[in-house]
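This report concerns only the one structure given below.
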Amino acid sequence: EKERLEIWKASKEVGKVLKSGVTNLRDLRNKCVQALGYADYFSYQASEYNMSTDELMTATRGMIKDIWPLYRELHTWARYELAKKYKKPVPDYLPAHWLPNRWGQQWSELVKVEGFNLDPYLEKQGAEWIVKKSEEFYKSLGFSELPKTFWEKSSLYPVPPNANYKKNTHASAWHIDNDKDVRSLMSVIPNTEWWGTALHELGHIYYYISYSNPDVPIILRSGANRAYHEAFGTMMGMASLQKPFLQGLGMMDKDAKINDTLMLLKEALEYAVHIPWGSGTMTEFEYNLYAKNISPDKYNKLWWELAKRFQGIEPSEPRGEEYCDAATKTHINDDPAQYYDYSMSNVLLFQFHQHIAQDILKQDPHATNYWGNKEIGNFLQTVMKPGASVDWREHLKKSIGQDFSAKPMLEYFKPLMAYLQKINKGRKYTLPEQPDFNY
Ligand code: ASP
Ligand code: SER
Ligand code: ZN
């Protein structure tokens, strides 16, 4: 635990260096869009969804409310589980350095499921295999081969130790010329997390390719909204870890006995846990940063207030204003005021996945095998092709007959809810029954 804490603290040191830059960027970003008539950069980003800041905040807060009962169970479960692991009294709030991610944004590594560990397999196959196999997965659905320039011009693997340059190790995907020049920056190492990330980035790449067609003018070559852009690749990542898929590809033993409830728990720790972080801590912080112009001497206080309120996470020692823990998250610096895209995409992807499982595959959404299904490919291409030339809500309605809703996600995790309530019976809950937005 001591070592974890040291590492955690080291990972936050960079915030000190970035702090003044973040403030400078905030001011520049606000001034740029104010010159165009927007109130501030947050409202400018929301306008891409055709939403006002208020509408956007109602949507992000709505997602937190929807997921809250499940999150509260997961939070309680994790506190007790981790206290056991670290042989400490059960804390009211999760110490940040106990979690398997330095912002507490995903906790799926807390669960080890017997018979399900892809890491040794992926390590044997290597990093190149991961990217190649990801492409193959998309091709199996009917997507085209990636352009030659993708392979020539992307930077996909870690920088060699003796290189005379650095790169951001956080993955991204780029549409260089709004046409066929598509590239990705990754640092793939052969493990399960990068397997998901490679599929995520290729989701962006195939979206770029799909809407780069003569029917879509250059200026509308982007996602129906930004959440769509994040959703498809993440959905492919989720589907790629389901048992029938893995068994079909020989990545898992045919007769492996997997505990389905633990698998579901693992998925909830990935996709549900992300929402109070993404829509809560990140979005509320950026709302205050851009729309409320908060003063730099309040950044860290606000950051940790939000982490406690929405994620139920606390630092193990006070973090004064000499730090800037928000700035340790790359998006605060280089993907500003749009992190709610990921929350919305998690909600959306369960809507799309439910449609694919039930209406196309006729399989249980918990146990699908997308591989090789051309009908899924056709469906996805139809959704992707028009880019931003459609209204995203109408497009959703047209594609799957639904409005934007967390229902499919909640339905997916329903069996887990019952399980958690049973385990948590008699335990102390420290998060309120309803999320509290008054701060
Ligand atoms: N996978 C990264 C993340 O979602 C980068 C991306 O969005 O492509 O932040
Ligand atoms: N890829 C996003 C991030 O790394 C969302 O999970 O924060
Ligand atoms: Zn992405």
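Positions are given from 1, in the same order as the sequence printed here. Atoms within a ligand are numbered from 1 in the order they appear, just like the ligands themselves.
- Screening Arg102, Lys12, Arg319 for a side-chain hydrogen bond (donor to acceptor under 3.5 Å, both in side chains) with Asp325, the sole residue that qualifies is Arg319.
- If you look at ligand 2, the protein residues with a non-hydrogen atom under 4.0 Å away are Gln105, Gln106, His170, His274, Lys329, His331, Tyr339, Tyr342.
- Here the closest non-hydrogen pair linking Ala171 and Met186 is CB-CG, 4.0 Å.
- Side-chain atoms of Glu6 and His97 include no donor-acceptor pair closer than 3.5 Å.
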Can you give me a line-by-line list of nitrogen or oxygen pairs between ligand 1 and the protein shorter than 3.5 Å?
unit_1: ligand 1; atom_1: 1 (N); unit_2: Glu201; atom_2: OE2; d: 2.9
unit_1: ligand 1; atom_1: 4 (O); unit_2: Tyr342; atom_2: OH; d: 3.1
unit_1: ligand 1; atom_1: 7 (O); unit_2: His200; atom_2: NE2; d: 3.3
unit_1: ligand 1; atom_1: 7 (O); unit_2: Glu230; atom_2: OE1; d: 3.2
unit_1: ligand 1; atom_1: 7 (O); unit_2: Tyr342; atom_2: OH; d: 2.7
unit_1: ligand 1; atom_1: 8 (O); unit_2: His200; atom_2: NE2; d: 3.4
unit_1: ligand 1; atom_1: 8 (O); unit_2: Glu201; atom_2: OE1; d: 2.8
unit_1: ligand 1; atom_1: 8 (O); unit_2: Glu201; atom_2: OE2; d: 2.9
unit_1: ligand 1; atom_1: 8 (O); unit_2: His204; atom_2: NE2; d: 3.2
unit_1: ligand 1; atom_1: 9 (O); unit_2: His170; atom_2: NE2; d: 2.9
unit_1: ligand 1; atom_1: 9 (O); unit_2: His331; atom_2: NE2; d: 2.8
unit_1: ligand 1; atom_1: 9 (O); unit_2: Tyr342; atom_2: OH; d: 2.9

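- With Phe42 as reference, Tyr287 is the one residue of Tyr49, Phe285, Tyr287, Tyr290 to meet the ring-ring contact (aromatic ring centres under 6.0 Å, His included) rule.
- Within the 4.5 Å cutoff, the side chain of Leu410 has heavy atoms near those of the Ile67 side chain.
- Residue Phe245 comes nearest to Ser240 through the heavy atom pair CD2-O, 3.3 Å, listed as atom of the first residue, atom of the second, then distance.
- For Glu123, the CD atom counts as loosely surrounded, since its 6.0 Å shell holds 12 or fewer non-hydrogen atoms of other residues, nucleotides or ligands.
- Side-chain N/O atoms of Lys407 and Gln402 include no donor and acceptor closer than 3.5 Å.
- In the displayed structure, Lys374 atom NZ is contacted under 6.0 Å by more than 12 heavy atoms of other residues, nucleotides or ligands.
- Within the protein, the N, O or S atoms sitting under 2.8 Å from the Zn ion (ligand 3) are His200 NE2, His204 NE2, Glu230 OE1.
- Checked against ring-ring contact (aromatic ring centres under 6.0 Å, His included), Tyr439 has no partners two or more places apart in sequence or in another chain.
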